[in-house]
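To keep things clear, I will list the structure first and then write my remarks on it.
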Amino acid sequence: MPELPEVETIRRGVDANFRGAEIAEADVLHQRAVRRQAEGGEFFAQSLAGARITGSSRRGKYMWLTLDSGQALLCHLGMSGQFHAVTEKIPAHRHLRIALRFTDGRELWFVDQRTFGGMEVTEMADGLPERISHIAPDVFDPAYDADRAVERLRAKRSEVKRVLLDQGWVSGIGNIYADEALWRAGLSPVRSGHRVGTAKAADLLSHVTDVLTEAVTAGGTSFDELYVNVNGESGYFDRSLNAYGRAGQPCRRCETVMRKRVVGGRATHHCPHCQR
DNA sequence: AGACAGCCCTGATTGC
DNA sequence: TGCAATCAGGGCTGTC
């Protein structure tokens, strides 16, 4: 499940391999992958033909490739999206949705089993693709304001786990790293945002930053073949998980049996004793 | 306006 | 054995 660390790992891989490369052709094999493109799949393909990739960036779980046309190729991996760098002639992947063919003969494949992900060509506005102006800065963004984030968290009456998954105040946190940050902070996932003190909220956000930083260093978290980097390699942060997937096992801090429950419609793993 | 349920989707797993 | 129900979940949409 790609969250910020996985998206960042993939962005780096795509950038290292394809910055400066010129797209000859974009082949859309599944229309759902371009459903966000209001102008349609034809527009998508036409906008990319002949475009050169000049760089890449990311906000939260969205990444984009900047193009010499001034536009951006905006990508969201959804639940199962992957990019594969293809340098030799191989049969199409079973879940290949979009193939970018480059003038040097290489291809960049967007593979997505569950089709929650997608791509679109969009205009840039103030250094950001227009379509994601509603996505808040993530904790690594120079525009991220920690004090303001603390206040916004404390203004919410929802359960703090729900709040962490909301991309509108701070982005990039998904289900896995939300559970990890809450465990590290010793905070119950169902505590209301407005019942989290200022110092505790700041503590939680610093744990968010730490866990995301460590996960980027580890190349992300892989449970199965649904997350690999652009070269097909897995991340190894799953070995460092203290909460996610540990229901029924002893808490690594207090030995209490970890529990699983549903919060905000998402599986939530927590220690009922030391997360308060 | 903020909160939240519902929906999209495939494949592995579980249940009868 | 086979089919159906369940689960995984990011983010957009519609409703209150």
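Reckoned from all heavy atoms, side chains included, excluding hydrogens, waters and symmetry mates. Letters A, B, ... mirror the listed sequences (proteins, then strands); counts begin at 1. Everything numeric here is computed off the predicted structure, so don't read it as measured data.
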Report task. Report the C-alpha separation of Asp179(A) and Arg266(A) in whole Å, then their side-chain angles, then the decisive distance to 0.1 Å, and conclude whether the salt bridge (charged side-chain N to carboxylate O under 4.0 Å, His left out) test is met. Result -> CA-CA 10 Å; Asp179(A) 282 2; Arg266(A) 297 289 174 257; over 6 Å; no
Report task. Please test Arg148(A) against Glu151(A) for salt bridge (charged side-chain N to carboxylate O under 4.0 Å, His left out), starting from the C-alpha separation and ending with a verdict. Result -> CA-CA 5 Å; Arg148(A) 178 166 157 73; Glu151(A) 288 317 307; over 6 Å; no
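When the P atom of dT13(C) is taken as reference, atom CD of Gln167(A) falls 15 Å away, rounded to whole Å. In this structure, CZ of Arg59(A) is placed 13 Å from P of dG11(C), rounded to the nearest angstrom. Whole-Å rounding puts the Arg152(A) CZ to dA1(B) P distance at 14 Å. Taking atom NZ of residue Lys260(A) and atom P of nucleotide dC7(C), one finds them 9 Å apart after rounding to whole Å. Taking atom CZ of residue Arg261(A) and atom P of nucleotide dA8(C), one finds them 15 Å apart after rounding to whole Å. Following rounding to the nearest Å, Leu74(A) (CG) and dC12(C) (P) show an atom-to-atom distance of 10 Å. Per the geometry, CD belonging to Glu3(A) stands 15 Å off P belonging to dA8(C), to the nearest Å. If you take CD of Gln82(A) and C1' of dG11(B), they are 14 Å apart, rounded to a whole angstrom.
Applying the side-chain hydrogen bond (donor to acceptor under 3.5 Å, both in side chains) test to residues at least two apart or on different chains, the pairs with a partner in residues 115-130 of chain A are Arg32(A)-Thr115(A), Gln71(A)-Glu123(A), Glu120(A)-Arg131(A).
The residue Arg131(A) sits apart from the nucleic acid: no heavy atom pair falls under 4.0 Å.
The phosphate of dG10(C) (OP1 or OP2) has no side-chain N or O of Tyr177(A) nearer than 4.0 angstrom. Close to dG9(C), at under 4.0 Å from its OP1 or OP2, lies a side-chain N or O of Tyr244(A). Checking the phosphate oxygens (OP1, OP2) of dG11(C), no side-chain nitrogen or oxygen of His134(A) falls inside 4.0 Å. Using a 4.0 Å cut-off, no side-chain N or O of His95(A) falls inside it from OP1 or OP2 of dT10(B).
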Requested in this report: Do nucleotides 2-9 of chain B as a string where each nucleotide becomes B, S or -: B if the base has a protein heavy atom under 4.0 Å, S if just the sugar-phosphate does, - if no protein is that close.
Outcome: -SSS--BB
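Rotation axes derived from the C1' atoms of the five outermost pairs at either end of the helix from dG2(B)-dC16(C) to dC16(B)-dG2(C) lie 50° apart, to the nearest 10°.
Applying the 6.0 Å contact sphere to CZ of Arg259(A) captures no more than 12 heavy atoms from other residues, nucleotides or ligands. The environment of CZ in Arg252(A) is crowded: more than 12 heavy-atom neighbours from other residues, nucleotides or ligands sit within 6.0 Å.
Taking the six-membered ring for Trp and thresholds of 30 and 60 degrees, His84(A) and His93(A) have ring planes more than 60 degrees apart, a perpendicular arrangement. Ring geometry for Phe83(A) versus Phe110(A): interplanar angle of 30 to 60°, hence tilted.
Pairing each heavy atom of Pro5(A) with each of Gly220(A), the nearest pair is CB-CA, 4.4 Å.
Closest to the side chain of Met79(A), out of dG10(C), dG11(B), dT10(B), is dG10(C).
With 3.5 Å as the limit, one finds no donor-acceptor pair spanning the side chains of Arg59(A) and Ser171(A).
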